[in-house]
Structures are given as structure tokens and as C-alpha cells.
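Read the structure below first, then the notes.
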Amino acid sequence: MFFTGPEIASALAELGVTHVIWIPDSALGPWESTLEGTPAFRLVRICREGEAWPLAAGLYLGGASPVVIMQVTGLFESGDALRNALFDLRLPLFGIIGARNWLARDADDSARRFTLPVIRAWGIPHVLIAAEADKPKLAEHYRRCRRSAQPGLALIGEGGP
Amino acid sequence: MPSRPDPTGECRSQMALADALRVLIQLRRPDTVVVTSMSASRQWPELCQHALDFHYVPSTMGGAVPLALGVALAQPSREVIVLTGDGSLLMNLGCLVTVVDAGAVNLTVVLLDNGRYEVTGGQKTAATAHRVHFAGFAQAAGFPNVAQFGDAVMWRDRAAGLLAAPGPRFFWLRIRPEWENFALRPPCPMAQQVDRLRRGLANRHGGDQGGNGS
């Protein structure tokens with residue numbers, strides 16, 4: 001995992017995030033204690049990924065600045081909720097998405113295979129963080145999306161050798 | 001428009017949707033946010049217009065409670081009431097646990113249970129034949145205040161006290177299905193609603209436009 005818990009928490013705090021909507025996977029999971037203990041924002045646990053986007057929508061409508069964190073399999077699961085929030089309500093919501101097995105190039109994982117085709121099909125502006133040098137892309141993309149009032153995703157490559 | 005009798009003969013309640021909603025319209029404070037979905041989005045705007053009403057159409061089914069939870073967390077000084085249907089809640093029962101875990105003391109979930117997927121023409125849900133106890137779900141999830149009504153007079157008589165109790169609250173209202181006029185139409189374009197709600201919430205005294213009643 002490229003970001004440690006303190007690194008991601010610091011980045012989100014600096015970006016002015018107020019709420020982190022959260023359902024962990026095994027790679028993102030170690031961030032939890034730091035996310036929960038960061039006073040700059042509030043961690044909101046959900047039970048299933050389909051809750052995340054309407055919850056983020058409500059927070060945004062209420063004037064907050066939420067970020068959704070989930071694995072790409074959860075993004076697949078929450079597709080209708082994502083569609084509604086981003087394309088019916090037209091809200092500029094932002095997600096940090098764990099790209100399962102992205103760095104395990106030999107992995108026979110359909111989640112890995114469908115990650116980029118699905119996100120491209122939705123047409124959501126995204127960046128892929130697949131190396132240490134890519135880490136600044138997260139904050140840059142978030143700020144770009146906020147400035148342009150566009151939704152956005154930052155994919156975090158998981159599952160290195 | 002008066003509802004036709006239930007042609008299936010399986011109706012569990014005589015409470016009309018409009019009667020259930022009128023109680024909330026009478027009691028809602030000027031700064032309360034109301035999120036409607038499904039059949040409530042059809043009926044509520046015919047009874048009441050308010051700057052802090054958000055009619056979640058088009059929606060993601062089961063998304064009304066999470067959306068209202070988001071508003072409640074972002075606006076902790078306001079009360080938020082969300083009107084959801086039984087078919088919608090069944091798609092997303094975990095949201096009850098999320099609401100309690102989030103500690104949204106300013107949120108009231110009103111379940112309008114007609115035992116049907118009404119807006120698609122009245123098909124049964126998987127729960128219809130089994131008298132599923134929705135209040136039991138809410139209690140098990142940890143809602144501190146849970147109540148259930150199948151009678152409009154009892155609901156009217158007790159609603160004010162229940163709404164004043166600590167939240168999050170869950171009220172299960174058993175209503176009769178509408179067998180006519182069930183189609184769901186957006187009451188106004190979503191972009192207008194988003195803009196209206198954001199402006200209303202940005203106003204600290206919020207939602208003083210429109211008032212109650214029709």
C-alpha cells in the first residue's frame with residue numbers, strides 16, 4: 001500500500017475533507033485507526049457499498065465535503081447508487097478506490113480485469129496510483145475535481161508482489 | 001382522490017398515505033428537512049411545498065435513508081425526516097445499522113409500509129406474505145425510539161410526542177396501497193431540487209419559504 005494511515009489522513013485533512021465514508025478491504029483496512037482518530041474529519045462506517053454514494057450525496061447537499069473509500073469490488077456493487085448520485089443528481093462526489101490485485105500482474109482476478117473498463121464506461125475522471133511517484137496525483141486530482149465541480153476517483157493499486 | 005379498495009383483499013391497514021403524511025406536515029418545524037421517496041414523493045408535494053423538501057426522484061432504490069443520514073450528519077442542528085417504503089428498505093436493511101452507528105440523533109425514519117412495490121403496479125415484496133416485523137428490525141439495530149401504527153388517529157395522537165423523543169427514531173406506518181395513480185413522476189427536475197435544498201440549507205435559519213399545508 002502506497003499510503004500509510006497517517007499519510008492518507010494528513011492528505012484528506014489538508015484537502016478539507018469533513019467525512020470519510022468507509023468500508024475497508026484488507027489493503028485499506030490498516031488506515032482505519034488513524035482515520036478514526038483524525039479530528040479534522042469524521043469516519044462514517046457503512047454496511048454495504050450501495051449506501052456510500054447516497055450518503056455522500058446527502059453530506060454534500062448539506063454543505064459537507066465527503067470522500068468515499070472502498071475496494072473496486074464495492075464500486076461494482078454500488079453501481080446504481082453511483083449512477084444516481086453522479087449522473088441524476090449530478091453531484092461532484094469523490095472516491096478513493098482500492099484496485100484489487102492491480103500490482104499483481106499475474107493475478108487471475110476478474111476484479112482487476114474489469115477495473116478500468118468499468119470506470120471508463122462510467123466516464124468518471126480518475127487517476128491511478130500504481131507507484132510511489134504517483135502519490136501526489138491523489139491531492140492534485142481531488143483539487144482539480146473540486147475546482148471543476150466534477151466527480152472523481154483515485155485508484156490505489158493493491159496487491160504488490 | 002379516494003383510494004379504491006384493495007382488489008387483492010389482503011390489505012392490512014386502512015391508513016391512507018395522505019393521512020399519514022398530513023400528520024408529519026402539521027408537526028414538521030420550519031427548519032426540518034424532509035426527504036421523500038417513492039409513493040411519498042408523489043403524494044407529499046400535492047399536500048405541501050417547502051424549501052427544505054427533497055423529493056428523491058429519480059433515486060437509487062433503498063438510497064433515501066442514507067441520503068437523509070448524510071444531510072443529518074452535515075446539518076446536526078436540524079431535524080431530518082425521511083419517508084421510505086417497505087420495498088426500498090428491504091433492499092438496504094443494513095442502513096438501519098449505519099444510522100445507529102453514525103449517532104444521527106436528529107434523524108427520523110418513517111417507513112410507509114403498504115406491503116407492495118407500489119410504483120411498479122402493486123406487486124408483492126418478499127415480506128408481504130410473512131407479516132415481517134419492521135419495527136423489530138429497527139429495535140434490533142439499536143434505534144432508541146421505535147413505534148408502529150396502522151391507524152391514522154392513533155398516529156396523529158402520538159406523533160408529536162414521538163418526534164420529540166431522542167433520535168434516531170423509527171416509525172413504522174402500515175398504510176393501504178394506492179391502486180390508482182400509482183405511477184411515480186418527478187415533481188420537478190432534480191437540478192432544481194438540488195439547488196433549492198442547497199440554498200435552503202445554506203440559510204442558517206433555513207427553509208422559511210413555503211410553510212406548511214397545501
Side-chain angles (χ1 to χ4, degrees), chain A residues 16-24 32 35-36 40-70 74-95 122 146 149-151, chain B residues 33 35 37 52-78 80 82 84 88-89 91-104 106-107 141 186 189-204 206:
Chain A
V17 168
T18 58
H19 296 77
V20 173
I21 301 167
W22 164 256
I23 193 159
E32 184 175 69
L35 292 174
E36 189 163 32
F41 50 78
R42 179 168 175 190
L43 187 72
V44 184
R45 293 183 177 87
I46 55 173
C47 296
R48 193 166 175 88
E49 290 87 347
E51 293 177 62
W53 304 105
L55 178 49
L59 283 161
Y60 182 84
L61 290 170
S65 297
V67 159
V68 171
I69 301 181
M70 63 175 62
L75 188 79
F76 299 155
E77 190 279 334
S78 64
D80 184 64
L82 178 80
R83 173 202 60 75
N84 175 252
L86 268 55
F87 299 103
D88 291 340
L89 276 62
R90 300 183 186 182
L91 301 182
L93 305 179
F94 196 90
W122 286 116
R146 292 307 299 253
Q150 293 286 314
Chain B
V33 179
V35 176
S37 63
L52 295 181
D53 290 346
F54 186 77
H55 305 299
Y56 188 25
V57 183
S59 70
T60 182
M61 200 166 169
V65 173
L67 187 141
L69 172 61
V71 176
L73 294 177
Q75 297 274 328
S77 64
R78 296 178 193 272
V80 179
V82 55
T84 187
S88 294
L89 188 63
M91 286 199 178
N92 195 5
L93 279 172
C95 73
L96 299 178
V97 179
T98 301
V99 165
V100 172
D101 187 57
N106 55 331
L107 181 63
M190 181 52 76
Q192 283 181 26
Q193 290 205 72
V194 166
D195 183 56
R196 183 177 73 165
L197 182 63
R198 293 202 81 201
R199 280 189 286 111
L201 291 175
N203 172 6
R204 202 162 63 84

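Lettering follows sequence order; numbering is per chain, from 1. Note that this is a predicted model, so its numbers are computed, not measured. Values reported hereafter were calculated over all heavy atoms of this structure, with side chains retained and with hydrogens, waters and symmetry mates removed.
Heavy atoms of B:Met61 lying under 4.5 Å from chain A belong exclusively to its backbone. At a 4.5 Å heavy-atom cutoff, A:Leu43 makes no contact with chain B through either its backbone or its side chain. Both the backbone and the side chain of A:Arg45 come within less than 4.5 Å of a heavy atom of chain B.
For B:Ser37, the side-chain hydrogen bond (donor to acceptor under 3.5 Å, both in side chains) criterion is met by no residue, not counting sequence neighbours. Residues passing the ring pair (Phe, Tyr, Trp, His ring centres under 6.0 Å) test with A:Phe94 are A:His141, A:Tyr142, sequence neighbours excluded. Residues that satisfy the side chain to side chain contact (heavy atoms under 4.5 Å, CB included) test with B:Thr98, not counting sequence neighbours, are A:Ile46, A:Cys47, A:Glu51, B:Leu69.
The minimum heavy-atom distance between B:Gly63 and A:Pro54, with the atom names listed, is O-CB, 3.4 Å. The two atoms that bring A:Ala57 and B:Leu67 nearest to each other are CB-CD1, 4.1 Å, heavy atoms only. Residues A:Leu59 and B:Gly70 come closest through the heavy atom pair CD2-O, 3.4 Å.
Most heavy-atom pairs under 4.5 Å with chain A, from the set B:Val65, B:Val99, B:Thr60: that is B:Thr60.
Applying a 4.5 Å heavy-atom cutoff, the residues of residues 191-199 of chain B that approach chain A are B:Val194, B:Leu197, B:Arg198.
Side-chain N or O atoms of A:Asn84 include one that pairs as donor or acceptor with a backbone N or O of B:Pro58 at under 3.5 Å.
With rounding to the nearest 0.5 Å, the separation of CZ in A:Arg48 from CG in B:Asn92 is 9.0 Å.
Counting heavy atoms from C-beta outward, B:Phe54 and A:Leu61 have side chains that approach closer than 4.5 Å.
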